[in-house]
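Notes follow the structure.
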Amino acid sequence: MKKKLLIATHSVFADGIKNAMELVTGEQNSVSTLCAYTNDMTEVETPIKEIIDALCDDEELIVTTDIFGGSVNNEFMKYLSKSNIHLIAGVNLPLLFELIMNLESENTVQMIENAIQNAKEQLQYCNPLIQCSIIEENF
(Lines give C-alpha, C1' and ligand atoms only; values in the text may rest on other atoms or scores of the structure.)
Protein backbone atom coordinates (compact mmCIF):
# COMPACT_ATOMS: atom_id res chain seq x y z
CA MET A 1 0.00 0.00 0.00
CA LYS A 2 1.08 3.54 -0.70
CA LYS A 3 1.46 5.61 2.45
CA LYS A 4 0.56 9.25 2.90
CA LEU A 5 1.40 11.37 5.91
CA LEU A 6 -0.89 14.17 7.11
CA ILE A 7 0.12 16.67 9.76
CA ALA A 8 -3.10 18.08 11.26
CA THR A 9 -2.96 20.76 13.95
CA HIS A 10 -4.61 23.78 15.42
CA SER A 11 -3.70 26.99 13.58
CA VAL A 12 -0.61 27.02 11.34
CA PHE A 13 1.58 24.71 13.44
CA ALA A 14 1.22 21.96 10.80
CA ASP A 15 2.66 24.14 8.05
CA GLY A 16 5.45 25.32 10.32
CA ILE A 17 6.59 21.88 11.43
CA LYS A 18 6.37 20.55 7.87
CA ASN A 19 8.55 23.45 6.74
CA ALA A 20 11.09 22.68 9.49
CA MET A 21 11.07 18.99 8.57
CA GLU A 22 11.65 19.73 4.89
CA LEU A 23 14.56 22.00 5.78
CA VAL A 24 16.35 18.78 6.80
CA THR A 25 14.73 16.15 4.55
CA GLY A 26 13.98 18.13 1.41
CA GLU A 27 10.54 18.38 -0.13
CA GLN A 28 8.22 15.53 0.79
CA ASN A 29 5.45 14.95 -1.74
CA SER A 30 3.79 12.30 0.42
CA VAL A 31 3.26 14.79 3.28
CA SER A 32 0.37 17.23 3.49
CA THR A 33 -1.00 19.50 6.18
CA LEU A 34 -4.31 20.53 7.66
CA CYS A 35 -4.27 23.83 9.57
CA ALA A 36 -7.49 23.93 11.59
CA TYR A 37 -9.28 27.02 12.83
CA THR A 38 -7.49 29.49 10.63
CA ASN A 39 -9.24 32.18 8.60
CA ASP A 40 -9.72 29.62 5.81
CA MET A 41 -11.05 26.87 8.09
CA THR A 42 -13.50 27.59 10.88
CA GLU A 43 -14.58 23.96 11.45
CA VAL A 44 -12.79 20.64 10.96
CA GLU A 45 -15.52 18.10 10.25
CA THR A 46 -15.89 18.91 6.55
CA PRO A 47 -12.22 19.10 5.53
CA ILE A 48 -11.40 15.92 7.47
CA LYS A 49 -14.29 14.05 5.86
CA GLU A 50 -13.07 15.22 2.44
CA ILE A 51 -9.55 13.94 3.18
CA ILE A 52 -10.89 10.57 4.29
CA ASP A 53 -13.27 10.28 1.33
CA ALA A 54 -10.45 11.06 -1.13
CA LEU A 55 -8.33 8.19 0.17
CA CYS A 56 -8.01 5.32 -2.31
CA ASP A 57 -8.39 1.67 -1.26
CA ASP A 58 -4.67 1.03 -1.89
CA GLU A 59 -3.53 3.97 0.28
CA GLU A 60 -2.76 4.20 3.97
CA LEU A 61 -3.05 7.53 5.74
CA ILE A 62 -0.89 8.24 8.76
CA VAL A 63 -2.28 11.26 10.58
CA THR A 64 -0.24 13.13 13.18
CA THR A 65 -2.05 15.64 15.38
CA ASP A 66 -0.82 18.14 17.93
CA ILE A 67 -2.89 17.29 21.01
CA PHE A 68 -4.44 14.03 22.17
CA GLY A 69 -8.05 14.78 23.02
CA GLY A 70 -8.06 18.02 21.05
CA SER A 71 -10.79 18.71 18.52
CA VAL A 72 -8.60 17.86 15.51
CA ASN A 73 -7.50 14.56 17.04
CA ASN A 74 -11.04 13.74 18.17
CA GLU A 75 -12.46 14.28 14.69
CA PHE A 76 -9.96 11.81 13.20
CA MET A 77 -10.78 9.31 15.96
CA LYS A 78 -14.19 8.89 14.30
CA TYR A 79 -12.50 7.22 11.30
CA LEU A 80 -10.29 4.69 13.08
CA SER A 81 -12.60 1.81 12.20
CA LYS A 82 -11.05 2.05 8.72
CA SER A 83 -8.01 -0.24 8.60
CA ASN A 84 -6.02 2.10 6.35
CA ILE A 85 -6.06 5.06 8.74
CA HIS A 86 -3.50 5.43 11.53
CA LEU A 87 -3.64 8.27 14.07
CA ILE A 88 -0.77 9.54 16.22
CA ALA A 89 -1.21 12.37 18.74
CA GLY A 90 1.70 14.53 19.86
CA VAL A 91 3.52 15.37 16.64
CA ASN A 92 7.12 16.55 16.89
CA LEU A 93 10.10 16.73 14.53
CA PRO A 94 11.81 13.51 15.69
CA LEU A 95 8.56 11.63 15.07
CA LEU A 96 8.20 13.10 11.58
CA PHE A 97 11.84 12.28 10.73
CA GLU A 98 11.32 8.67 11.83
CA LEU A 99 8.09 8.33 9.84
CA ILE A 100 9.57 9.87 6.68
CA MET A 101 12.71 7.72 6.82
CA ASN A 102 10.63 4.55 7.15
CA LEU A 103 7.56 5.39 5.05
CA GLU A 104 8.28 2.51 2.67
CA SER A 105 8.21 -0.04 5.49
CA GLU A 106 5.84 -2.92 4.81
CA ASN A 107 4.62 -3.22 8.41
CA THR A 108 2.98 0.13 9.08
CA VAL A 109 1.96 -0.64 12.66
CA GLN A 110 5.49 -1.70 13.66
CA MET A 111 6.96 1.30 11.83
CA ILE A 112 4.66 3.67 13.76
CA GLU A 113 5.39 2.00 17.11
CA ASN A 114 9.15 2.26 16.48
CA ALA A 115 8.84 5.90 15.40
CA ILE A 116 6.92 6.80 18.55
CA GLN A 117 9.44 5.05 20.79
CA ASN A 118 12.38 6.76 19.09
CA ALA A 119 10.66 10.15 19.25
CA LYS A 120 9.98 9.69 22.96
CA GLU A 121 13.68 9.10 23.54
CA GLN A 122 14.40 12.53 22.06
CA LEU A 123 12.45 14.22 24.86
CA GLN A 124 15.13 15.14 27.38
CA TYR A 125 15.46 17.49 30.30
CA CYS A 126 18.95 18.83 29.59
CA ASN A 127 19.78 20.62 32.85
CA PRO A 128 20.76 17.44 34.74
CA LEU A 129 23.02 16.48 31.84
CA ILE A 130 24.93 19.75 32.16
CA GLN A 131 25.07 19.49 35.95
CA CYS A 132 26.58 15.99 35.72
CA SER A 133 29.13 17.29 33.25
CA ILE A 134 30.09 20.17 35.56
CA ILE A 135 30.50 17.81 38.52
CA GLU A 136 32.69 15.46 36.45
CA GLU A 137 34.86 18.40 35.33
CA ASN A 138 35.48 19.39 38.95
CA PHE A 139 37.00 16.01 39.78
Side-chain angles (χ1 to χ4, degrees):
M1 282 193 156
K2 179 181 177 189
K3 293 180 185 72
K4 293 181 173 183
L5 180 60
L6 173 66
I7 306 166
T9 67
H10 296 83
S11 191
V12 296
F13 179 49
D15 284 344
I17 199 165
K18 179 180 184 233
N19 183 283
M21 177 195 66
E22 290 182 334
L23 180 69
V24 175
T25 65
E27 186 176 348
Q28 298 294 322
N29 294 324
S30 59
V31 180
S32 58
T33 61
L34 181 136
C35 297
Y37 307 114
T38 60
N39 291 339
D40 298 335
M41 184 185 308
T42 57
E43 55 88 18
V44 295
E45 294 85 4
T46 303
I48 290 174
K49 183 176 182 339
E50 289 171 356
I51 289 167
I52 300 300
D53 289 346
L55 200 59
C56 297
D57 291 338
D58 66 338
E59 293 176 323
E60 284 183 294
L61 179 64
I62 301 169
V63 180
T64 61
T65 63
D66 50 358
I67 303 172
F68 177 72
S71 58
V72 176
N73 190 82
N74 287 346
E75 190 61 31
F76 278 104
M77 293 279 287
K78 296 175 182 178
Y79 296 96
L80 292 184
S81 61
K82 295 178 175 279
S83 63
N84 61 338
I85 297 176
H86 307 272
L87 180 60
I88 306 168
V91 66
N92 60 37
L93 276 175
L95 176 69
L96 293 176
F97 291 147
E98 287 283 334
L99 293 172
I100 289 301
M101 289 188 310
N102 297 293
L103 209 53
E104 299 300 318
S105 175
E106 295 208 16
N107 187 333
T108 304
V109 172
Q110 186 64 51
M111 182 261 301
I112 290 171
E113 289 172 349
N114 290 343
I116 290 171
Q117 183 58 42
N118 291 335
K120 283 180 182 179
E121 292 172 8
Q122 292 294 310
L123 289 170
Q124 297 287 324
Y125 179 39
C126 298
N127 290 43
L129 299 174
I130 297 301
Q131 291 167 354
C132 286
S133 176
I134 292 171
I135 290 170
E136 288 175 3
E137 287 176 6
N138 290 333
F139 284 105

Legend entry - Single-linkage hydrophobic cluster Val24~Met21, side-chain heavy atoms < 4.5 angstrom: yes

Inset, instruction - Would you mind listing every side-chain hydrogen bond (donor to acceptor under 3.5 Å, both in side chains) that reaches into residues 93-104, with sequence neighbours excluded? - result: Glu98-Asn118

Inset, instruction - State which residues pass salt bridge (Lys or Arg N to Asp or Glu O under 4.0 Å) with Lys78; sequence neighbours excluded, sorted by chain then number. - result: Glu75

Inset, instruction - Name all pairs fulfilling the salt bridge (charged side-chain N to carboxylate O under 4.0 Å, His left out) condition that reach into residues 22-33, sequence neighbours left out, sorted by first residue then second. - result: Lys18-Glu22

Legend entry - Heavy-atom side-chain contact between Ile17 and Thr33 under 4.5 Å: no

Inset, instruction - State the CG-OG1 distance between Leu93 and Thr25, to the nearest 0.5 angstrom. - result: 9.5 Å

Legend entry - ring-ring contact (aromatic ring centres under 6.0 Å, His included) contacts touching residues 99-122 (sequence neighbours left out): none

Legend entry - Whether Asp58 side chain and Met1 backbone form a donor-acceptor pair below 3.5 Å: no

Legend entry - Atom pair OG (Ser30) and CG (Leu61), whose distance is rounded to the nearest 0.5 Å: 11.0 Å

Legend entry - For Val12, the rest of its hydrophobic cluster, which grows through side-chain links under 4.5 angstrom: none

Inset, instruction - Any pair with a residue in residues 4-54 that passes ring-ring contact (aromatic ring centres under 6.0 Å, His included), sequence neighbours left out, goes on the list, sorted by first then second residue, please. - result: His10-Tyr37

Legend entry - Results of side-chain hydrogen bond (donor to acceptor under 3.5 Å, both in side chains) for Glu50 - residues two or more places apart only: none

Legend entry - ILVMFWY cluster, Leu5 and Leu55 together (side-chain gap under 4.5 Å): no

Legend entry - Point-to-point distance, once rounded to the nearest 0.5 Å, from CG of Asn74 to CD of Glu45: 10.5 Å

Scan the side chains in residues 83-92 for donor-acceptor partners under 3.5 Å anywhere in the protein, sequence neighbours excluded, and list what turns up.
| from | atom 1 | to | atom 2 | distance (Å) |
| --- | --- | --- | --- | --- |
| Asn84 | ND2 | Glu59 | O | 2.9 |
| His86 | NE2 | Glu60 | OE2 | 3.0 |
| Asn92 | OD1 | Leu95 | N | 2.8 |

Inset, instruction - Taking the side chain as every heavy atom from C-beta outward, state whether Ile62 and Met111 have any pair of such atoms under 4.5 Å apart. - result: yes

Inset, instruction - Applying side-chain hydrogen bond (donor to acceptor under 3.5 Å, both in side chains), name anything that partners Asn114, two or more places apart in sequence or on another chain. - result: Gln110

Inset, instruction - Starting at CG of Asp66, measure out to OG of Ser11 and round the result to the nearest 0.5 Å. - result: 9.5 Å

Legend entry - Leu6 with Met41, same ILVMFWY side-chain cluster at under 4.5 Å: yes

Inset, instruction - Under the salt bridge (Lys or Arg N to Asp or Glu O under 4.0 Å) rule, collect the residues that match up with Lys120, sequence neighbours excluded. - result: none

Legend entry - Validation row: Leu99, Val31 side chains within 4.5 angstrom (heavy atoms): no

Inset, instruction - Check whether any side-chain heavy atom of Leu34 lies under 4.5 Å from a side-chain heavy atom of Val63, and answer yes or no. - result: no

Inset, instruction - Report the C-alpha separation of Ile48 and Tyr79 in whole Å, then their side-chain angles, then the decisive distance to 0.1 Å, and conclude whether the side-chain contact (heavy atoms from CB on, under 4.5 Å) test is met. - result: CA-CA 10 Å; Ile48 290 174; Tyr79 296 96; 3.8 Å; yes

Legend entry - Inter- and intrachain pairs under ring-ring contact (aromatic ring centres under 6.0 Å, His included), touching residues 58-78, at least two apart: none

Inset, instruction - Count the heavy atoms belonging to other residues, nucleotides or ligands that lie under 6.0 Å from CD of Glu106, then report whether that count exceeds 12. - result: no

Inset, instruction - Enter the distance from Leu129:CG to Gln124:CD here, rounded to the nearest 0.5 Å. - result: 6.0 Å

Legend entry - Co-membership, hydrophobic cluster, residues Ile112 and Leu103, 4.5 Å side-chain: yes

Legend entry - Listed partners of Asp53 passing side-chain hydrogen bond (donor to acceptor under 3.5 Å, both in side chains), at least two apart: Lys49

Legend entry - Derivation and outcome, side chain to side chain donor-acceptor pair (under 3.5 Å), residues Thr65 and Asn73: CA-CA 6 Å; Thr65 63; Asn73 190 82; 2.7 Å; yes

Inset, instruction - Using the rule that two of Ile, Leu, Val, Met, Phe, Trp, Tyr join whenever any of their side-chain heavy atoms come within less than 4.5 Å, decide whether Val72 and Ile67 are in one cluster. - result: no

